[in-house]
There are 2 protein chains.
Amino acid sequence: MTHPLRKHIEEIISLTDEEFDFVLSHFEHIKKRKHQYLIQEGEIVNKEYWVIQGCLKSYFIDDNGKEHILQFGMENWWITDYESFVKQVKSKTSIDCIEDCELLYITFENREKLTAKMHKMERFWAKKSKIGRIALQNRILSLLKNSTKEQYEQLLEQYPKLFQRVPKKMIASYLGVSRETLSRLNP
Amino acid sequence: MTHPLRKHIEEIISLTDEEFDFVLSHFEHIKKRKHQYLIQEGEIVNKEYWVIQGCLKSYFIDDNGKEHILQFGMENWWITDYESFVKQVKSKTSIDCIEDCELLYITFENREKLTAKMHKMERFWAKKSKIGRIALQNRILSLLKNSTKEQYEQLLEQYPKLFQRVPKKMIASYLGVSRETLSRLNP
DNA sequence: TCTTTAAAGTGATGTAAATCACATGGGGTA
DNA sequence: TACCCCATGTGATTTACATCACTTTAAAGA
């Protein structure tokens, strides 16, 4: 069976068996339990994670102690604090496991090494960066354009699995509304 | 005097005179008058613009006919519909001149040619893409974290020039509040 | 220059969502 | 089993902002 990461990378660039083994040798494999964290606000992040199995949230706590979720991570998604990872500054966000998780990660140094030796992978990450930017742009567009109810419905349509896996208060936190408001806009 | 685009590019990579001339030969120079447009919603964008002089807005009109501004462009900023440019799909946004503008643009094809012949420029744009993504991430973070008033004050602090150049109703549209609300949260 | 249009402030009113408060029911754990 | 915590739903109240309406002032166009 093909490795899930290979399948994922080959959606953008193609790899020989040897090339994929070489890529994989730059990653480490870890497991985390529900409620454990990957990243804590304030640390300088030097790992980028890829989710093999499980569900995570990236979030921050505001001045009133309220949690705001920026992103969920599930199978085949990358997750890290991108600003901290790229600029090597303190992370503004934390990342916690919502379920037991199995992950691969690559360090900043290993990513540099890998892209230096394998230009293809630079193209892969450049493409990923473009896609990520477009997704963020569209989220802002949606935040400005759509009502809370419309955003909720779009999310439900786009990621129906999410609603079976995470508590609704987290969906509310992702959408930027209170738990009560989310509860009230159901069918 | 150094060309402003050269100064801009050399903030990330360094160039010889010959290299810069080569880069510049892939751009075209245009002027536009206030109220003219660069991009209209629905077209497939194949140009990326760099602002030499002037001020522009990228925006879309929602179902109620209300305008939402996603980004302003001023001197030394890049502006385009990024999704349309990268994926060659229909643009969701329009771009208009708020002042008379002087711009450089590079077409999709010329950018491909240029990066193919000059790997440095690929690095330049990859870096720009990362920075752009981080800026968007931080805008979402700010939208979730800060009150309207706080966002207004941060914008005022970060881009004081903007407030002398664009009408307040556009600031309101960028912040996602009504003209009246913005007016009421002044000192 | 005069005329018209756009910008910006301000009051009155309506509305969506936050907040506070409480009730119910399921899941995990001792 | 019995307990408690957590998730969720729902009512009552408060609040921030939208909307409508009108005025003043400045700027753009003929």
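Hydrogens, waters and symmetry mates play no part in the numbers below; they use all other heavy atoms, side chains included. Here is how names work: the chains are called A, B, and so on, in the same order as the sequence lines, proteins then strands, and each is numbered from 1. What you are looking at is a predicted structure, and each value in this text was computed from that prediction instead of being measured.
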Tell me if the aromatic rings of B:Y159 and B:Y174 count as close, with their centers under 6.0 Å from one another. no

Which part of the nucleic acid, if any, lies within reach of A:K34 when heavy atoms closer than 4.0 Å are counted: base, sugar-phosphate only, or nothing? nothing

Send over the distance from B:L182 CG to D:dA18 C1', rounded to a whole Å. 14 Å

For B:S147, which contact category applies under a 4.0 Å heavy-atom criterion: base, sugar-phosphate, or nothing? nothing

Using a cut-off of less than 4.0 Å, is there contact between a side-chain N or O of B:T181 and OP1 or OP2 of D:dC17? no

Is a side-chain N or O of B:S173 found less than 3.5 angstrom from the main chain of B:I69, in a donor-acceptor match? yes

Ignoring the backbone of B:V177, work out which of D:dA18, C:dT10, C:dA21 is nearest its side chain. D:dA18

Quick one: does any side-chain atom of B:R179 pair with a main-chain N or O of B:I171 as donor and acceptor, under 3.5 Å? no

Taking the ring centre of each residue, are B:H68 and B:Y59 less than 6.0 Å apart? no

OP1 or OP2 of D:dC17 versus the side-chain N and O atoms of B:T148: is any pair under 4.0 Å? yes

What integer distance in Å separates A:I171:CD1 from D:dG9:C1'? 17 Å

Can you check the B:K149 NZ to D:dC17 P distance for me, whole Å? 10 Å

Per the ring pair (Phe, Tyr, Trp, His ring centres under 6.0 Å) rule, which among A:W50, A:F20, A:W77 passes with A:H8? A:W50

Within this structure, what is the CE-to-P distance between A:M170 and D:dT8, rounded to whole angstrom? 9 Å

Whether the side chain of B:E180 and the base of D:dC17 hold a donor-acceptor pair under 3.5 Å is what I'd like checked. no

Side-chain N,O (B:K168) to OP1/OP2 (D:dA26) below 4.0 Å: no

Taking atom types as they are modelled, is there a donor-acceptor pair under 3.5 Å from the base of D:dG9 to the side chain of A:R184? no

Which of the following nucleotides, C:dA21, C:dT10, C:dA7, is nearest to the side chain of A:R179? C:dA21

DNA chain D nearest-nucleotide lookup for B:N64 and B:H35: closer to the 5′ end is B:N64

